[in-house]
2 protein chains.
Amino acid sequence: MKIDELNWKILKCLQNNARMSNAEIGRQVGITSPAVSERIKKMEDAEIIQGYTTFISPFEVGYQLKALITLRAFMGMLKPFLEKVKTYDEVVNCYRITGNENIVMEVVLKNQKHLESFIDQLISFGETKTQIVLSHVVKHSEIKALE
Amino acid sequence: MKIDELNWKILKCLQNNARMSNAEIGRQVGITSPAVSERIKKMEDAEIIQGYTTFISPFEVGYQLKALITLRAFMGMLKPFLEKVKTYDEVVNCYRITGNENIVMEVVLKNQKHLESFIDQLISFGETKTQIVLSHVVKHSEIKALE
DNA sequence: AGTGAAAGTGATATACG
DNA sequence: CGTATATCACTTTCACT
């Protein structure tokens with residue numbers, strides 16, 4: 001599916017505020033709301049749009065720590081881990097990566113004790129490396145059109 | 001601000017689909033839409049809710065590579081980098097972290113050539129390590145209430 | 001903090017350029 | 001692919017609890 005300039009403008013609106021009404025998007029891009037609605041539906045069907053979410057502040061809801069945890073899985077433990085990781089509430093994102101290490105996870109934790117117990121759950125799967133997140137310098141920056 | 005059970009149910013709805021109407025949320029949690037609207041507004045004002053966004057598939061819009069790039073900044077180069085990184089369209093997320101390395105970025109790229117030219121832009125700031133993302137195992141999992 | 005009702009606005013389906 | 005219209009749903013405001 002091709003994405004024309006109009007669709008990029010719509011995607012820009014939706015990336016910046018997923019709850020913007022179709023009517024408001026229409027005003028900003030210069031078409032009527034049924035046209036916006038149809039274009040959005042087509043992009044959803046083509047899986048260009050994969051969903052709409054809300055950012056909530058982990059800190060404000062009681063998660064005092066955020067960390068990146070890298071896992072180097074033991075022989076034969078990667079596949080079991082790829083299933084297990086889906087069940088951890090602490091894991092916000094999990095990427096499988098190339099290189100010596102296999103997995104990077106972004107996790108939210110209550111406190112140091114919670115971090116310790118979480119890492120304890122990982123040690124049966126492999127060696128871990130923990131990097132505490134000090135600040136989120138760029139947050140979910142908008143994906144832009146290719147030149 | 002305290003977050004009661006009702007607000008957690010609202011946050012669950014909004015995290016799973018930011019475009020759900022207040023009326024529909026109300027039906028699912030058992031209150032009327034003006035009540036939903038007021039609760040959402042208070043959570044926005046308290047910065048518990050930090051925004052609403054749309055996931056778009058980088059691959060579908062022409063970004064064939066995703067990578068995690070770690071930067072170990074040269075002496076005196078961290079601060080300039082923290083400003084510069086905001087201007088890179090490739091960087092979707094950027095975290096400042098503890099440890100030997102200072103920065104981890106999630107980046108989207110057109111192809112290997114684009115990766116090469118992007119890394120070239122980083123070498124004046126520090127040493128980089130690149131991990132290509134093979135798959136996104138857990139995608140923006142919902143943040144849940146603490147026990 | 002939530003409800004119910006009124007007025008305004010938005011969404012959706014259909015007919016038609 | 002888009003608009004225009006009509007109908008229905010949703011949002012917002014406000015008086016009341």
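Residue numbering restarts at 1 for every chain, and letters A, B, ... go by the order of the sequence lines. Treat the numbers as computed from the prediction; the structure is a model and nothing was measured.
- When all heavy atoms of A:Thr70 and A:Val104 are compared, the closest pair comes out as OG1-CG2, 3.9 Å.
- Rounding to whole angstrom units, CD of residue A:Glu38 and P of D:dA4 are separated by 15 Å.
- If you check the side chains of B:Tyr95 and A:Glu106, you find a donor sitting under 3.5 Å from an acceptor.
- If you take NZ of A:Lys9 and P of D:dG2, they are 12 Å apart, rounded to a whole angstrom.
- The nucleotide whose nearest atom lies closest to any side-chain atom of B:Ser21 is, among D:dG2, D:dT11, C:dA5, D:dT11.
- Picking from C:dT3, D:dC10, D:dA4 the nucleotide with the shortest atom distance to the side chain of A:Thr32 gives D:dA4.
- In the set D:dT5, C:dT3, D:dC1, D:dC1 carries the atom at the smallest distance from any side-chain atom of A:Arg39.
- B:Arg27 has a side-chain polar atom (N or O) that falls below the 4.0 Å cut-off from OP1 or OP2 of D:dC10.
- Taking every side-chain heavy atom of A:Ala23 into account, C:dA11 is the closest of D:dT3, C:dA11, D:dT13.
- The shortest distance between side-chain heavy atoms of B:Tyr88 and B:Leu122 falls below 4.5 Å.
- Listed here is the closest heavy atom pair of B:Lys2 and B:Asn7: O-ND2, 4.4 Å.
- Contacts of A:Leu6 with the nucleic acid, taken as non-hydrogen atoms under 4.0 Å apart, involve only primed sugar atoms and P, OP1 or OP2.
- Counting to the nearest Å, the P atom of D:dG2 and the CG atom of A:Asn22 are 13 Å from each other.
- Distance, A:Ile40 CD1 to C:dT12 P: 10 Å, rounded to whole Å.
- For D:dT12, the OP1/OP2 oxygens have no side-chain nitrogen or oxygen of B:Lys41 closer than 4.0 Å.
- The phosphate of D:dT11 has neither OP1 nor OP2 within less than 4.0 Å of any side-chain N or O from B:Ser37.
- Judged purely by distance below 3.5 Å, without hydrogens or angles, the side chains of A:Glu24 and A:Gln28 pair a donor atom with an acceptor atom.
- Rounding to whole angstrom units, CD1 of residue B:Ile25 and C1' of D:dC10 are separated by 12 Å.
- Taking side-chain N and O atoms only, A:Ser33 has no distance below 4.0 Å to OP1 or OP2 of C:dG10.
- Counting to the nearest Å, the P atom of D:dT11 and the CD atom of B:Glu44 are 13 Å from each other.
- Ranked by how close their nearest DNA chain C nucleotide is to the 5' end, B:Lys2 and B:Arg19 are led by B:Lys2.
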